[in-house]
Each structure stands twice: as structure tokens, then as C-alpha cells.
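Note that these values count all heavy atoms, side chains included, but never hydrogens, waters or copies made by symmetry. Chain identifiers are assigned alphabetically (A, B, ...) following the order of the sequence lines, protein sequences preceding nucleic acid strands; residue numbering begins at 1 within each chain.
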Protein chains: 2
Amino acid sequence: MPAHDRARSRRTTERKGDIRERAILDACEALLAQKGYDAMTVGDVAQGAGITRGALYFYFGSKQEVVAALVARTVEHLWERSRVTAQTEEPRQAIAAAMRRTVELWNEHGLVFRTAIDLSLTVPEIGELWSHTADLFITAITAVLERAGVQAGTAPDHASAMARALCWMIERTFYHASQESREELQKASATCEHIWLISAGINSEA
Amino acid sequence: MPAHDRARSRRTTERKGDIRERAILDACEALLAQKGYDAMTVGDVAQGAGITRGALYFYFGSKQEVVAALVARTVEHLWERSRVTAQTEEPRQAIAAAMRRTVELWNEHGLVFRTAIDLSLTVPEIGELWSHTADLFITAITAVLERAGVQAGTAPDHASAMARALCWMIERTFYHASQESREELQKASATCEHIWLISAGINSEA
DNA sequence: GATAAAAATCGACGCTGTGTAGAATTTGAG
DNA sequence: CTCAAATTCTACACAGCGTCGATTTTTATC
């Protein structure tokens with residue numbers, strides 16, 4: 001019974017299968033860019049990775065699982081460098097830094113992010129991953145808001161709920177802008193930063 | 001060659017097919033609620049409408065077209081009552097009214113809205129419909145912001161761009177809240193209203 | 001209310017993609 | 001070198017899709 005499980009855990013030597021697995025995810029990412037999720041078939045991915053459909057099913061149980069693994073690879077790599085919580089800075093600096101970092105991330109991984117968002121409903125595992133990622137951001141935004149003087153608490157007009165709404169604003173705005181161009185992303189970032197600043201009670205200087 | 005075309009235009013007597021067509025959309029909506037878009041098959045929809053697959057293809061060319069028609073029916077009904085642009089009111093009133101109306105709409109059509117958003121990428125026709133709907137909101141929000149004293153123009157920190165970001169904030173926040181409960185929607189609405197007010201430069205009174 | 005054109009429905013076919021099973025091959029530790 | 005584990009392949013049965021031509025039902029018209 002082949003291993004459709006995460007937790008390929010620790011191992012000194014790299015199995016051949018680990019390389020193949022990476023090749024599969026790479027092929028998947030390329031195909032997502034090229035023809036999109038719906039049009040992409042398991043056969044396409046297999047071919048892109050240099051194996052047959054049958055062999056691919058040794059690694060992943062379905063197209064959804066492949067994409068889920070791709071999303072996992074991308075956001076996990078993101079969790080480590082979770083310097084989003086650079087708690088030490090002054091609010092204005094923290095906000096600017098967070099937005100700069102967010103632009104970087106979306107420039108680099110926009111395709112995977114958008115795919116993750118689109119599939120969050122239909123592929124529960126992806127939904128989990130993305131929702132967990134969002135929670136990291138929401139926590140960070142909450143901290144910044146509170147430090148800037150916004151009242152703490154879970155009421156609709158206090159820090160926690162506001163942070164959630166701001167997170168969704170950023171997600172959706174970047175989702176759309178990242179489909180257009182880097183310039184659009186930059187502009188979108190400026191707008192989001194402006195609203196974040198205002199929401200924190202900070203006048204964004206001219 | 002059967003008619004897969006909109007513009008069944010004017011007609012005094014109602015064709016039998018018009019009733020069937022409505023039945024198909026109703027069945028589709030029910031199935032979306034019941035098993036979701038992916039699991040829903042053309043056969044399911046046909047059965048739900050009391051006809052066979054073959055007959056359904058007389059009306060729609062694919063599952064996507066059925067859902068697109070369902071989305072169209074829902075948002076068109078929305079465009080008519082586009083009182084979103086109740087220009088006459090004072091900003092604070094206008095914002096409150098808009099949010100109240102938005103809650104209503106999402107309570108009633110949340111399922112279809114969420115489906116439309118999810119499929120906007122993969123089904124171009126749905127993307128068009130939703131993006132047009134969003135534009136209506138963005139225009140309305142822009143007007144309110146400008147009336148409240150926010151500088152007009154398309155720069156990242158002026159009315160137009162801010163309105164777009166606020167629209168996406170509302171969309172995404174309601175998208176999530178409407179999956180939970182009416183209470184969540186209500187809270188989400190309060191939060192969005194608060195941020196909208198602040199962004200318009202209006203202190204939301206306690 | 002008979003009739004012929006148009007509208008609507010059906011059942012069957014071929015196709016593409018899925019997921020599984022068992023046989024065959026490759027890999028790598030000892 | 002050897003053999004068990006890992007990896008790959010081919011073949012199969014099955015789901016759902018979209019199309020076609022034949023058949024039945026509606027509807028406008030006389």
C-alpha cells in the first residue's frame with residue numbers, strides 16, 4: 001500500500017521519490033500557469049513530471065491532493081519566515097514593512113495563492129492551509145492595531161474584528177491586482193496601506 | 001439548431017420551455033446548496049428538473065452555462081433595484097443604508113454570490129457578471145467617499161482606489177460570514193461599516 | 001378542431017478523464 | 001551480489017460529458 005501520507009519525515013539520504021515528488025509539484029505549478037486548474041488533467045501533470053498517470057497515483061491520490069501539496073509547500077515556506085510578527089517596530093514602520101513583504105510574496109507566489117483561494121471551498125485541506133495562513137496575518141494586524149491605540153477586544157468595531165476585515169481587504173485586493181501586473185500590485189499595496197493606517201488612527205502623511 | 005442564446009426576448013404567451021428553464025435553475029440552486037458545484041453533475045440537475053440529460057442540453061450547453069444563467073438571474077434582479085446609488089442622502093445615512101441592503105442581499109442570495117465568486121476565474125461569463133456587479137458598488141462607494149470629503153481621483157490614496165479596496169473588503173468579509181450564520185453577517189456588517197466610516201473621515205459615534 | 005411547423009424530449013453512442021490492480025522493473029542497503 | 005522495498009508501467013472498468021437522429025409534444029393558424 002503506497003504512501004499517500006505527509007510525514008515522509010526525516011531521512012538521511014534523499015530517496016529518488018522525493019525528487020520525483022518535487023518534479024510533480026513543479027510541473028503542477030507550471031501547468032496551473034499555463035492552462036489553469038480546470039483544464040489541467042492528471043495525465044498532464046504526470047507527463048510534465050516525466051512519468052505516467054499510474055506512477056503519479058503512487059505519490060498522490062488525485063489532482064486535488066497534488067495541488068494541496070503544492071499549496072502546502074508554498075505556505076509552509078512562508079510560515080517559517082513569519083517575520084510578519086516583527087513586534088518590535090513602531091506601528092507606522094510595522095505597517096509599511098508588512099505591506100512591503102506582502103507585495104514580495106504575492107509577486108513571487110501569486111499564482112499559487114490565487115489557486116489556493118479559489119479551491120478553499122472545494123478542497124478542505126487547502127481551505128485549512130489558507131485559513132491558517134490568514135490567521136497568522138490577522139493576529140499580526142491585530143497586534144499592530146492595538147499597539148496603535150485601537151481598543152482591544154472582539155466587538156465588531158474593536159481591533160480583532162477590524163484586523164479580520166483588513167486582512168480580507170488585502171487578500172482580495174491583491175488577488176485581483178496580482179492578475180494584472182506588478183505595477184497594479186504596487187498601487188494596490190499603497191491603497192491598502194493607506195486604509196490600514198487610517199483604521200489604526202494614524203494620519204498617513206502626504 | 002437549438003437556441004443556447006439569451007434574448008428569448010419579448011413574447012406574449014409563456015413558452016413551456018420558459019417554465020422548464022426556470023425549473024432547471026431552481027434545481028441547480030438547490031443542488032449547489034446540497035452537494036456543491038464540483039459534486040453536482042449535469043445528470044443531477046436534469047433529474048432535479050424532471051427531464052433527462054439529453055433534454056437539458058437543449059437549454060444549456062454545459063453545467064457552467066447553467067450556473068452562469070443562475071448567477072445572471074440573481075444579479076440582474078439585483079441591478080434593477082440598484083438603489084445602491086441613493087445619491088440623495090447624507091454620507092453617514094447612505095453608508096448605513098448601503099450596509100443594511102448588503103446584509104439583506106447576502107442573507108437571501110449568499111449561496112449564489114459565493115458560487116459566482118468562486119467561478120469567476122474559470123467561467124468567464126460569470127466573471128463578467130460579477131465584475132460588473134462589483135463596479136456598481138465601487139461607483140456608489142466612490143460617490144459617498146467624495147461627498148464625505150475624500151479627494152476625488154484615481155491615485156492610490158484617493159476616492160476611487162479606496163472604494164475598490166473597500167468593496168473587496170466587504171465582498172470577502174461577507175463571503176466568509178455568510179457561510180457561518182446571520183449573526184456573523186450582522187457583526188461583519190458592523191465592522192465593515194465602521195471601517196468605511198473611518199475611511200470617509202467620519203468619526204463613528206459610540 | 002385539424003394540421004403542419006416549431007419546440008421539446010428521449011435514448012444511445014463515442015470520447016475523455018478517473019482511480020485501481022497486478023505485473024514488471026529499478027533502487028539501494030547490507 | 002542479492003533481495004526486499006520502492007518505483008513504474010500497462011490494462012481495465014467506470015463516471016460523466018457532449019452530440020446525434022429519431023420521436024413526441026406544443027402551439028400558431030386556418
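Counting to the nearest Å, the P atom of C:dG17 and the CD atom of A:Gln64 are 16 Å from each other. One interatomic measurement links the two molecules: CG of A:Leu56 to C1' of D:dT8, which rounds to 11 Å at whole-angstrom precision. Counting to the nearest Å, the C1' atom of C:dG17 and the NZ atom of B:Lys63 are 14 Å from each other. Across the protein-nucleic acid pair, B:Ile19 atom CD1 and C:dA7 atom C1' stand 13 Å apart, rounded to whole Å. In this entry the distance linking CE of A:Met40 with C1' of C:dG17 reads 13 Å, nearest Å. Separating the CG atom of A:Asp38 from the P atom of C:dG17 is a distance of 13 Å, rounded to the nearest angstrom. If you take CZ of A:Phe58 and P of C:dT27, they are 14 Å apart, rounded to a whole angstrom. B:Leu31 has its CG atom 15 Å from the C1' atom of D:dG16, to the nearest Å.
With hydrogens and angles ignored, the 3.5 Å screen pairs no side-chain donor or acceptor of B:Lys63 with any backbone N or O of B:Thr41. Side-chain atoms of A:Ser178 come within 3.5 Å of backbone N or O of A:Tyr175 as a donor-acceptor pair.
For A:Tyr57, whose side chain is taken as the heavy atoms from C-beta onward, the closest listed nucleotide among D:dC9, C:dT18, C:dT9 is C:dT18. Minimum atom distance to the side chain of A:Tyr59 is reached by D:dT7, of the listed D:dT7, C:dA8, C:dC10.
In D:dA11 the O4'-C1'-N dihedral to the base is more than 90° from 0, which defines an anti nucleotide.
Among pairs with a residue in residues 174-185 of chain B, those fulfilling salt bridge (Lys or Arg N to Asp or Glu O under 4.0 Å) read B:Glu184-B:Lys187, at least two apart in sequence or across chains.
The aromatic rings of A:Phe113 and A:Trp106 lie perpendicular to each other, with more than 60° between the two planes, well past the 30° mark.
A residue-by-residue look at A:Lys16 and B:Ser62 shows that A:Lys16 has its nearest nucleotide of DNA chain D further toward the 5' end.
Look at D:dA6: its Watson-Crick or wobble partner, with both distances under 3.5 angstrom, is C:dT25. Look at D:dC12: its Watson-Crick or wobble partner, with both distances under 3.5 angstrom, is C:dG19.
In A:Glu108, the CD atom is not crowded: 12 or fewer heavy atoms of neighbouring residues, nucleotides or ligands sit closer than 6.0 Å. Under a cut-off of 6.0 angstrom, the local environment of CD in A:Gln47 is sparse, with at most 12 non-hydrogen atoms contributed by other residues, nucleotides or ligands.
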Protein-nucleic acid N or O pairs under 3.5 Å, nucleotides 3-5 of chain D:
none

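With sequence neighbours excluded, the residues satisfying salt bridge (Lys or Arg N to Asp or Glu O under 4.0 Å) with B:Glu171 are A:Arg172. Taking the salt bridge (Lys or Arg N to Asp or Glu O under 4.0 Å) definition, one finds that B:Asp44 meets it with B:Lys35, sequence neighbours left out. Residues meeting the salt bridge (Lys or Arg N to Asp or Glu O under 4.0 Å) test with B:Glu29, sequence neighbours left out: B:Arg73.
Annotation: proximity of residues 41-53 of chain B to DNA chain C (heavy atom, distance under 4.0 Å) is found for B:Ile51, B:Thr52, numbered in ascending order.
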